[in-house]
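By convention in this document, chain letters (A, B, ...) are assigned in the order of the sequence lines, proteins followed by strands, and residues within each chain are numbered from 1. These numbers were taken from a predicted model, which means no experiment stands behind them. Just the heavy atoms: all of them, side chains too, but no hydrogens, waters or symmetry mates, feed the values below.
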Protein chains: 2
Amino acid sequence: MSWRKEQRRAERGYHHGNLKEALLQAALGLIAEKGAAGFTFADAARMAGVSAAAPYRHFRDRDELLSSIAQRGFEQFEQRLTAAWDDGRPDTVTAFERVGKAYLAFAREEPAFYNAMFESGVPVDANPALQAASERAFNIIRAAAERLAALTPPGTARPPAMMMALHIWSMAHGVASLFSRGDAARRKLPMSPDELLEAEVLIYLRGLGFPTDRRPVGKGAEPPPVPPEAPSGSGVPPGGTPSGPWGKPK
Amino acid sequence: MSWRKEQRRAERGYHHGNLKEALLQAALGLIAEKGAAGFTFADAARMAGVSAAAPYRHFRDRDELLSSIAQRGFEQFEQRLTAAWDDGRPDTVTAFERVGKAYLAFAREEPAFYNAMFESGVPVDANPALQAASERAFNIIRAAAERLAALTPPGTARPPAMMMALHIWSMAHGVASLFSRGDAARRKLPMSPDELLEAEVLIYLRGLGFPTDRRPVGKGAEPPPVPPEAPSGSGVPPGGTPSGPWGKPK
DNA sequence: GGCTCATGTAAAGATCGTTCACATGAGCTG
DNA sequence: CAGCTCATGTGAACGATCTTTACATGAGCC
């Protein structure tokens, strides 16, 4: 009966017109603010200007709304990873690292999605569409790993691509959850999460025999262009390089 | 007024005697069952056989109970990591990997603690004791990394120990959150989380120049004893070893 | 114009978190 | 042992949330 309510209703009529979408947006905002735990179904309804019971016409319950958001998150995630991977251009290793950065960027820039996807307690298999979306996203990493695995320098054992993909995913997720978002970011670090992950991945790749000693960590000069995909002779890093992927040793 | 209630009270008298501890235990059980999000203050009270208001005599609010549990979790975590590290015996690399396994074992065997520590939304700096406990636990990993860094084979750049520690932590945490617990464990994997992490760490260490090609992944025969801490000449793995830390290539 | 069904509302029940005034009894003081 | 005190537990109550149920509205279609 409040004036505002009548006002709203006058604007949009008895029927909202696009409540489902409005609820998703509202929830997204609330999760970004207060985390998936603090988000409340009633609040989302209020924010959309409808009664507390209305959302039940569009979502079975609060959890279904949450898993819808998680699903949407995985879809956007997939898009960003795909763009970052850019089919391996200009060279596989560079593109691979770009994927890692995109992972962190997503966690940082879309905290609400990331939260719903990985930290809200929504099980991956809550709903088939969610699971499918999650798998599609992971498949980007997997495809990238496959391309990378195919490049193992001669004389080096070829690692299973699936394993590589899982490794990379765990690194990115570990760095993101521990250091790259909200509260967790308060842990004091000697370097940025991006640098941390980049060094981690480079060391890992070197452990697999890939030549990765082409640039220091700083974002200064562009690395000298590498002949794309031509494994430069012996894959093993030249014995005893004095500097690692983490920059100059002091 | 119920018979049960009178019964309980007759057994223990008006005062509970050890309510704080009982609440912590009850909460632990509930979190293990339904996750930190699903755990309710009222439930814990009920489980301890006490009115819903009683817990407020021991905890300012629900969040304080949660962060108490997180703190306790970090303390137990520290103990287990310390035991696993065993001051670097019998050799640093072996002990280091044992720490990784202990990390996963803790996540698997103490889901309630792990949940409260890392997934409950309790910020690390919620309370100074919690933060301190968290740092003490991390310091075990850090100390181990320091010992490891000191062993870098001659001719190899020495990585910052802090960075190594953060890398290892992120790997362990990433594998644990994504693959090693409850709902998340439903993702289908080609290998166990333990093996996954072990391979990841070994490849990483190899990337840093450590010789790590001493055993396949299977848990069969004990690895041949390695002369403790005698960096065997050139640290770089003998060029072109045909099998990696992940086992035989097929 | 009238029907129908998706969509929204109001009201109500169950549960929680939290607070407040009050009850109990364990332990100290004399 | 009497009496005091204070930590600890109780019950009742408030406001908020989630969810269901019966009812209202109106958009689209015949």
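If you run salt bridge (Lys or Arg N to Asp or Glu O under 4.0 Å) between A/D194 and each of A/R98, A/K101, A/R108, only A/R108 comes through.
B/E119 and B/S177 form no side-chain donor-acceptor contact under 3.5 Å, judged by distance and modelled atom types alone. Side-chain atoms of B/Q71 and B/E75 form a donor-acceptor pair, as typed in the model, at a separation below 3.5 Å. Side-chain contact, A/Q25 with A/E21: a donor N or O sits under 3.5 Å from an acceptor N or O.
Remark: aromatic rings of A/F77 and A/F106 are close, center separation under 6.0 Å. Note: A/F118 and A/F74 meet the aromatic proximity criterion, with ring centroids under 6.0 Å apart.
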Within the sub-3.5 Å range, which N or O atoms of nucleotides 22-26 of chain C have a protein N or O partner, and how far apart are they?
unit_1	atom_1	unit_2	atom_2	d
C/dA23	N3	B/Y14	OH	3.1
C/dT24	O2	B/H15	NE2	3.4

Tabulated below should be each protein N or O lying under 3.5 Å from an N or O of nucleotides 15-19 of chain C; please produce it.
unit_1	atom_1	unit_2	atom_2	d
C/dC16	OP2	B/R46	NH2	3.0
C/dG17	OP1	B/F41	N	3.1
C/dG17	OP1	B/R62	NE	3.4
C/dG17	OP2	B/T40	OG1	3.1
C/dG17	OP2	B/F41	N	3.1
C/dG17	OP2	B/A42	N	2.8
C/dT18	OP2	B/Y56	OH	3.1
C/dT18	OP2	B/R62	N	3.2
C/dT18	O5'	B/Y56	OH	3.4

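Scanning for side-chain hydrogen bond (donor to acceptor under 3.5 Å, both in side chains) contacts around B/S120 gives an empty result, with sequence neighbours left out. Every side chain to side chain contact (heavy atoms under 4.5 Å, CB included) that A/A44 has, sequence neighbours left out, goes to A/L23, A/A26, A/L30, A/F39.
Applying the 4.0 Å criterion to OP1 and OP2 of D/dG9, one finds that B/H58 has a side-chain N or O inside that range.
Across all their heavy atoms, A/E146 and A/A161 have their closest contact at OE1-CB, 3.4 Å.
Under the 3.5 Å distance criterion, the side-chain polar atoms of A/R142 are left unmatched by any main-chain donor or acceptor of A/A165.
Helical stems of DNA chain D (runs of at least 3 Watson-Crick or G-U pairs, donor-acceptor distances under 3.5 Å) are listed by first residue: C:1-30 with D:1-30.
Between B/E33 atom CD and B/D43 atom CG the span is 9.0 Å, to the nearest 0.5 Å. Note that the CG atom of B/L66 and the OG atom of B/S68 stand 9.0 Å from one another [nearest 0.5 Å]. Note that CG of B/N115 is 11.5 Å distant from CZ of B/F113, once rounded to the nearest 0.5 Å.
Rounded to whole Å, atom P of D/dT19 lies 11 Å from atom CD of A/E64. What separates CZ of A/F59 from P of C/dT7 is a distance of 12 Å, to the nearest Å.
Non-hydrogen atoms lying under 4.0 Å from DNA chain D are contributed by nothing in residues 22-38 of chain B.
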